[in-house]
Amino acid sequence: QQQVKQSPQSLIVQKGGISIINCAYENTAFDYFPWYQQFPGKGPALLIAIRPDVSEKKEGRFTISFNKSAKQFSLHIMDSQPGDSATYFCAAILPAWAGSYQLTFGKGTKLSVIP
Amino acid sequence: DTGVSQDPRHKITKRGQNVTFRCDPISEHNRLYWYRQTLGQGPEFLTYFQNEAQLEKSRLLSDRFSAERPKGSFSTLEIQRTEQGDSAMYLCASSLAYPSGTYNEQFFGPGTRLTVL
């Protein structure tokens with residue numbers, strides 16, 4: 001059972017364009033939704049995160065949009081740059097009171113930004 | 001470099017052999033996690049420790065897998081009688097446990113890539 005579904009699997013964007021990656025979750029108990037960026041040969045690194053009581057969060061060129069009723073959230077990368085070329089994972093985690101600290105990841109989106 | 005480190009970075013073994021991986025977390029982090037990542041997939045949770053106590057294990061952690069964190073610092077993950085299906089990237093992450101009631105960022109190491117022939 002895949003609890004976090006991510007699309008598209010791969011994405012090619014022109015430099016300066018907008019990259020959009022979408023995720024949907026099933027478990028309404030999730031209460032924190034981070035996005036991770038992974039470069040080849042490296043571990044994932046936290047990029048930006050959001051809680052479900054917020055509809056949007058922006059940090060620099062990266063924005064998360066969150067739709068709690070639809071159980072969907074998305075990452076927008078504005079003014080995409082070749083250095084953004086990486087694999088992006090959405091993830092979800094239960095609240096701390098649940099006693100489980102495992103991140104549940106989507107399958108990832110490989111982003112290629114071409115000059 | 002004060003990040004999470006893992007050793008070795010690559011391991012090639014023959015089916016049936018035992019392998020052991022090591023993870024050194026960020027020094028002040030009390031929680032340590034192991035994940036497995038196969039090609040084209042996101043990381044999947046295996047287990048986590050708070051200090052030396054192993055508090056959660058995934059169904060993915062079969063009885064051929066054992067993880068330890070004997071002194072609450074570094075951790076080892078051992079796979080006995082390896083199978084080709086064990087081929088994957090094994091990622092370690094660490095985080096603070098406090099403040100409680102909040103999400104404390106998990107910092108990932110570079111991973112150990114295991115190939116079972």
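Every chain is numbered from 1 and lettered A, B, ... according to where its sequence line falls, protein lines coming before strand lines.
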Identify whether B:Leu77 and B:Leu32 are in the same connected component of the hydrophobic contact network (ILVMFWY, side-chain heavy atoms under 4.5 Å). yes
I need the residue from B:Met89, B:Gln6, B:Glu105 with the largest number of non-hydrogen atom pairs under 4.5 Å to chain A. B:Glu105
Between A:Ile93 and chain B, which part of the residue has a heavy atom less than 4.5 Å away: side chain, backbone, both or neither? side chain
Answer with side chain, backbone, both or neither: which region of A:Gln38 has an atom nearer than 4.5 Å to a non-hydrogen atom of chain B? side chain
Looking at B:Pro43 and A:Phe105, what are the two nearest heavy atoms and their distance? O-CD1, 3.3 Å
Check B:Leu91 against A:Pro44 and note the closest heavy-atom contact, atom names and distance. CD1-CD, 3.9 Å
Does [X] [atom1] have over 12 foreign heavy atoms under 6.0 Å away?
X: B:Glu52; atom1: CD; value: yes
X: B:Glu28; atom1: CD; value: yes
X: A:Ile12; atom1: CD1; value: no
X: B:Leu60; atom1: CG; value: yes
X: A:Lys57; atom1: NZ; value: yes
X: B:Arg15; atom1: CZ; value: no
X: B:Leu39; atom1: CG; value: no

So OH of B:Tyr33 and CG of A:Leu103: to nearest 0.5 Å the spacing works out to 7.5 Å
Please walk me through it: do B:Ser58 and A:Gln102 pass side chain to side chain donor-acceptor pair (under 3.5 Å)? CA-CA 9 Å; B:Ser58 160; A:Gln102 60 176 283; over 6 Å; no
Please determine which of B:Arg31, B:Gln50, B:Glu56 meets the side chain to side chain donor-acceptor pair (under 3.5 Å) test together with A:Tyr101. B:Arg31
Counting only non-hydrogen atoms closer than 4.5 Å, can you tell me which residues of residues 64-87 of chain A sit against chain B? none
Using non-hydrogen atoms and a limit below 4.5 Å, what part of residues 27-36 of chain A faces chain B? A:Tyr32, A:Tyr36
Taking side chain as everything from C-beta outward and backbone as N, CA, C, O, which of these in B:Phe107 sits under 4.5 Å from a heavy atom of chain A? Side chain, backbone, both or neither. neither
